[in-house]
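What follows is a single structure, written as structure tokens, with notes after it.
Lettering follows sequence order; numbering is per chain, from 1. The figures that follow rest on heavy atoms only: side chains count, while hydrogens, waters and symmetry mates do not.
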Amino acid sequence: MSADPKVLLADLLKAALKSVAPDQADTPILLERPKQANHGDFATNLALQLAKPLKRNPRELAALLLAELPPSTLVLKTEVAGAGFINFTLATAAKTAVVSEVLAAGADFGRGAKKNVKVQVEFVSANPTGPLHVGHGRGAAYGASLSDVLAFAGYDVTREYYVNDAGRQMDILALSTWLRYLAGFGIEIPFPPNAYQGDYVLGMGCDLRDAHQDRFAGVTAAQVLEGTPGLPLADRKDDEAKQQRELHLDALIANAKRLLGDDYPWVHGFVLNEQLSDGREDLGEFGVRFDKWFSEQSLFDTGLVERAVAQLEQQGHVYLQNGARWFRSSAFGDEKDRVVQRENGLYTYFASDIAYHLNKYERGFDRMIDIWGADHHGYIPRVKGAIAALGLPPEKLDVALVQFAVLYRDGQKTSMSTRSGEFVTLRELRKEVGNDACRFFYVLRKSDQHLDFDLDLAKSQSNENPVYYVQYAHARVCSVLNQWGGERAELAAADLGQLQNERELALCARLATFPELVQSAADDYAPHQIAFYLKDLAADFHSWYNAERMLVDDEALKLARLALAEAVRQVLVSGLAVLGVSAPQSM
RNA sequence: CUGCCCGUAGCUCAAUCGGAUAGAGCACCGGCCUUCUAAGCCGGGGGUUGCAGGUUCGAUUCCUGCCGGGCAGGCCA
């Protein structure tokens with residue numbers, strides 16, 4: 001086990017710095033891996049940083065630093081380059097040492113030390129009012145990969161789904177299902193255009209009948225429609241017509257609650273449960289699991305919503321206007337104040353969200369990450385404002401926005417609304433593209449970048465998806481190791497000095513960056529870095545594979561090369577695991 | 001109108017918190033399978049990083065102003 005060359009180099013530089021410029025001894029030593037191979041294995045801009053305070057030529061300073069650099073077997077060559085960079089080329093043994101490190105650490109190579117920092121990641125949190133669609137899929141893939149990256153980097157991660165089981169949308173779904181159910185008994189009520197149209201609602205209507213027969217069917221169409229304003233003509237799109245449709249829907253919901261009485265919560269619960277288990281199954285198949293499903297309704301049941309608003313009120317951040325309670329969020333960076341309790345006494349969604357975040361803080365997380373769709377960006381100031389108003393530290397909460405995924409089919413954008421009934425579900429997408437390609441594709445770009453998901457491309461040319469490129473590298477290693485047929489333990493004893501050629505050393509350098517890459521991906525909330533790294537690692541491997549044979553007659557060389565291949569395989573497995581992608585033995 | 005995000009090769013995207021000659025894939029052109037998997041490799045052409053300024057040794061990155069695209073601005077969830 002050798003120590004990290006980066007740390008050792010930094011120590012050497014620190015010593016040199018101390019003797020060249022004692023006054024500047026606290027200058028941070030920044031070591032980076034140059035993009036270009038002929039710039040060595042590590043480079044520092046230390047001399048450039050010192051040039052200004054010392055008022056000296058950076059190249060001269062670089063030369064001075066090198067002259068004072070303590071000797072080390074680690075370093076093969078140093079040079080001053082460009083404007084005043086110092087480039088280091090490592091000794092071959094220092095480069096290949098990573099192979100034995102990987103073999104010794106196995107799946108733990110690259111894993112960060114336990115940080116004892118509790119991080120909560122909340123993601124997906126889609127309304128349980130219909131199947132997940134491709135937009136949710138992106139949030140799911142991003143959240144799951146981010147969680148896994150953080151966990152791998154050493155954080156203690158809790159994955160959580162916030163279930164919006166309270167509120168009007170769930171009532172609309174319960175009503176929609178009930179109306180479909182009633183139709184099955186010949187009780188025909190015109191289906192409202194703003195109710196949930198999807199086929200899955202018909203299915204739930206049938207399921208409801210299978211489970212409870214005619215228990216909820218003891219009504220007449222006239223009773224259900226009693227007191228409703230009726231529906232305007234379908235082609236009317238004016239505001240008045242829209243408003244009438246909403247009123248009609250609310251009246252139907254009120255009738256449903258009145259007519260069903262104590263049975264309404266049964267229907268509501270039935271519908272909620274169907275949707276939740278459907279979503280859980282869907283996400284599970286996608287490799288996305290949650291540690292906790294947090295119910296919005298529970299915030300009301302435990303009185304936390306009331307308490308949160310009361311707490312804000314005690315601090316003097318709430319006022320009454322037009323019969324409603326307003327949170328003075330404009331005093332906390334929001335552009336205007338927000339209603340937390342409506343004139344009719346009902347709390348707004350925002351109020352329960354305040355309570356939810358209060359609950360998160362009370363659970364003692366050191367950091368919380370909310371993953372939202374980018375359309376919610378305007379929501380950030382009010383939530384952070386509420387947190388600050390409650391006297392809690394807003395900087396513990398990070399909101400990661402995920403841009404929309406836009407689906408293209410036949411070169412045309414495809415609608416994804418859950419209300420229109422025409423949308424592409426995550427299930428359909430997974431079936432067409434496959435889970436592996438799907439997970440990889442979703443995370444292959446920065447989260448704040450728009451995602452054009454071309455279905456035809458994903459479907460017809462799925463073999464060209466980059467995920468296969470990475471998996472293929474893994475399968476190739478497996479194949480070679482199988483044909484060799486030896487024991488993995490033999491590889492640990494390989495003489496790594498046999499690894500001499502450029503491609504082998506490049507592979508070693510690539511492997512050596514994996515631990516810091518994991519850290520960087522975690523720090524930046526950027527799991528896409530893992531995906532790009534795996535592509536690069538696979539490219540280095542394929543290039544080497546085509547240029548050199550592993551199963552050669554020279555026993556020492558063979559073992560060394562197999563050891564390197566096995567190290568590559570291990571890192572591919574670790575990286576793919578973080579992304580929720582399988583690593584097949586053969587393809 | 002106001003706020004946030006984004007403009008990088010023909011297309012889809014990277015670029016190590018300000019670094020050196022801006023990189024991949026797809027597409028296009030030319031090579032490599034009697035040898036460990038050709039879902040692969042090697043080579044080639046392709047760019048004023050939207051535009052104009054500013055900050056400094058150095059800018060795709062930071063600041064200002066324009067241009068263009070997306071999203072948001074409910075007592076909805």
Tell me yes or no: between the side chains of [X] and [Y], is some donor less than 3.5 Å from an acceptor?
| X | Y | result |
| --- | --- | --- |
| A:Q529 | A:S520 | yes |
| A:Q169 | A:Y349 | no |
| A:T89 | A:D41 | no |

Look at the side chain of [X] and decide which nucleotide, out of [options], has an atom nearest to it.
| X | options | value |
| --- | --- | --- |
| A:L48 | B:rG19, B:rA38, B:rG74 | B:rG19 |
| A:Y349 | B:rC75, B:rA77, B:rC57 | B:rA77 |
| A:Y379 | B:rA77, B:rC42, B:rU21 | B:rA77 |
| A:M587 | B:rA39, B:rC36, B:rU16 | B:rA39 |
| A:R445 | B:rG19, B:rC13, B:rC75 | B:rC13 |
| A:K446 | B:rA72, B:rA15, B:rG73 | B:rA15 |

Would you measure the distance from the [atom1] atom in [N] across to the matching atom in [M] and give it in whole Å?
| N | M | atom1 | result |
| --- | --- | --- | --- |
| B:rU49 | B:rU21 | C1' | 15 Å |
| B:rG58 | B:rG47 | P | 26 Å |
| B:rU8 | B:rU48 | C1' | 12 Å |
| B:rC5 | B:rC62 | P | 10 Å |
| B:rC76 | B:rG70 | P | 28 Å |
| B:rU61 | B:rC6 | P | 13 Å |
| B:rC51 | B:rA14 | C1' | 24 Å |
| B:rA22 | B:rG46 | C1' | 14 Å |

Is any side-chain nitrogen or oxygen of [X] closer than 4.0 Å to OP1 or OP2 of [N]?
| X | N | value |
| --- | --- | --- |
| A:Y472 | B:rA39 | yes |
| A:K35 | B:rG19 | no |
| A:Q483 | B:rU37 | yes |
| A:R476 | B:rA38 | yes |
| A:K558 | B:rC36 | no |
| A:H542 | B:rG25 | no |
| A:T129 | B:rA77 | no |
| A:S479 | B:rU37 | yes |
| A:R168 | B:rA77 | no |
| A:R342 | B:rA77 | yes |
| A:Y469 | B:rC41 | yes |

Between [X] and [Y], how do the two ring planes meet: parallel, tilted or perpendicular, split at 30° and 60°?
| X | Y | answer |
| --- | --- | --- |
| A:Y319 | A:W326 | parallel |
| A:Y379 | A:F350 | perpendicular |
| A:H317 | A:F327 | perpendicular |
| A:F541 | A:Y545 | tilted |

Point to revise | Check: A:N87 side chain, B:rA20 base, donor-acceptor under 3.5 Å | key: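 Donor-acceptor pair under 3.5 Å: yes.
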Practice item. Could you walk me through whether A:R342 and A:Y347 pass the side chain to side chain contact (heavy atoms under 4.5 Å, CB included) test, one step at a time? Key: CA-CA 6 Å; A:R342 295 199 285 264; A:Y347 289 103; over 6 Å; no
**Study point:** Test side chain to side chain donor-acceptor pair (under 3.5 Å) applied to A:D370 and A:H357, step by step
**Key:** CA-CA 10 Å; A:D370 287 3; A:H357 282 90; 2.6 Å; yes
So [X], base contact, sugar-phosphate only, or nothing? Heavy-atom distance under 4.0 Å.
| X | result |
| --- | --- |
| A:A51 | nothing |
| A:Q321 | base |
| A:N127 | sugar-phosphate |
| A:S586 | base |
| A:Y545 | base |
| A:W326 | base |
| A:N322 | base |

Review point. Does A:R445 make a cation-pi contact with A:F441, if we ask for NZ or CZ under 6.0 Å from the ring centre and within 45° of the axis?
Key: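 Judged by the rule (NZ or CZ under 6.0 Å from the ring centre, within 45° of its axis), A:R445 counts as positioned above A:F441.
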What is the distance from [atom1] of [X] to [atom2] of [N], rounded to the nearest Å?
| X | N | atom1 | atom2 | value |
| --- | --- | --- | --- | --- |
| A:D536 | B:rU16 | CG | P | 13 Å |
| A:I29 | B:rU16 | CD1 | P | 21 Å |
| A:E548 | B:rC41 | CD | C1' | 13 Å |
| A:W544 | B:rU37 | CH2 | C1' | 15 Å |
| A:E502 | B:rC42 | CD | C1' | 15 Å |
| A:Y347 | B:rC76 | OH | C1' | 18 Å |

Review point. Want to settle it: does A:H528 or A:H39 sit nearer the 5' end of RNA chain B, counting the closest nucleotide to each?
Key: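 Per heavy-atom nearest nucleotide, the more 5' residue is A:H528.
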Review point. Under 4.5 Å between any side-chain heavy atoms of A:R561 and A:E504, yes or no?
Key: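 In contact.
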**Study point:** Minimum side-chain heavy-atom gap A:H542-A:R476 below 4.5 Å
**Key:**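 A:H542 vs A:R476: side chains touch.
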Check your understanding: Using 4.0 Å as the upper bound for N to carboxylate O, is an ion pair formed by A:D238 and A:K242?
Key ->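 Answer for the salt bridge query: no.
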Exercise for review: May I ask you to decide whether A:D171 forms a salt bridge with A:K257, counting only side-chain N to carboxylate O separations under 4.0 Å?
Suggested key: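 A salt bridge is present here (some side-chain N lies under 4.0 Å from a carboxylate O).
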**Study point:** Pair A:F123 + A:Y161: ring centers closer than 6.0 Å
**Key:**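 When the ring centroids of A:F123 and A:Y161 are compared, they turn out to be at least 6.0 Å apart.
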**Study point:** A:Y442-A:Y142 aromatic ring centre distance below 6.0 Å
**Key:**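 No: the rings miss the under 6.0 Å criterion.
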Nucleotides 2-5 of chain B: which of its N/O atoms have a protein N/O under 3.5 Å away?
residue : atom : partner : partner atom : Å
B:rG3   : N2   : A:H377  : NE2          : 2.6
B:rC5   : O2'  : A:Q403  : NE2          : 3.4

Practice item. Indicate syn or anti for B:rC33, taking the glycosidic torsion and treating anything within 90° of 0 as syn. Key: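 Syn, since the glycosidic angle lies within 90° of 0.
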Exercise for review: State the dot-bracket string of RNA chain B. Criteria: Watson-Crick or G-U wobble, both atom distances under 3.5 angstrom; notation: ( ) intrastrand, [ ] crossing earlier pairs, | interstrand, . unpaired.
Suggested key: (((((.(..((((.....[...)))).(((((.......))))).....(((((..]....)))))).)))))....
Do any N or O atoms of the protein come closer than 3.5 Å to N or O atoms of nucleotides 30-33 of chain B, and which pairs are they?
none

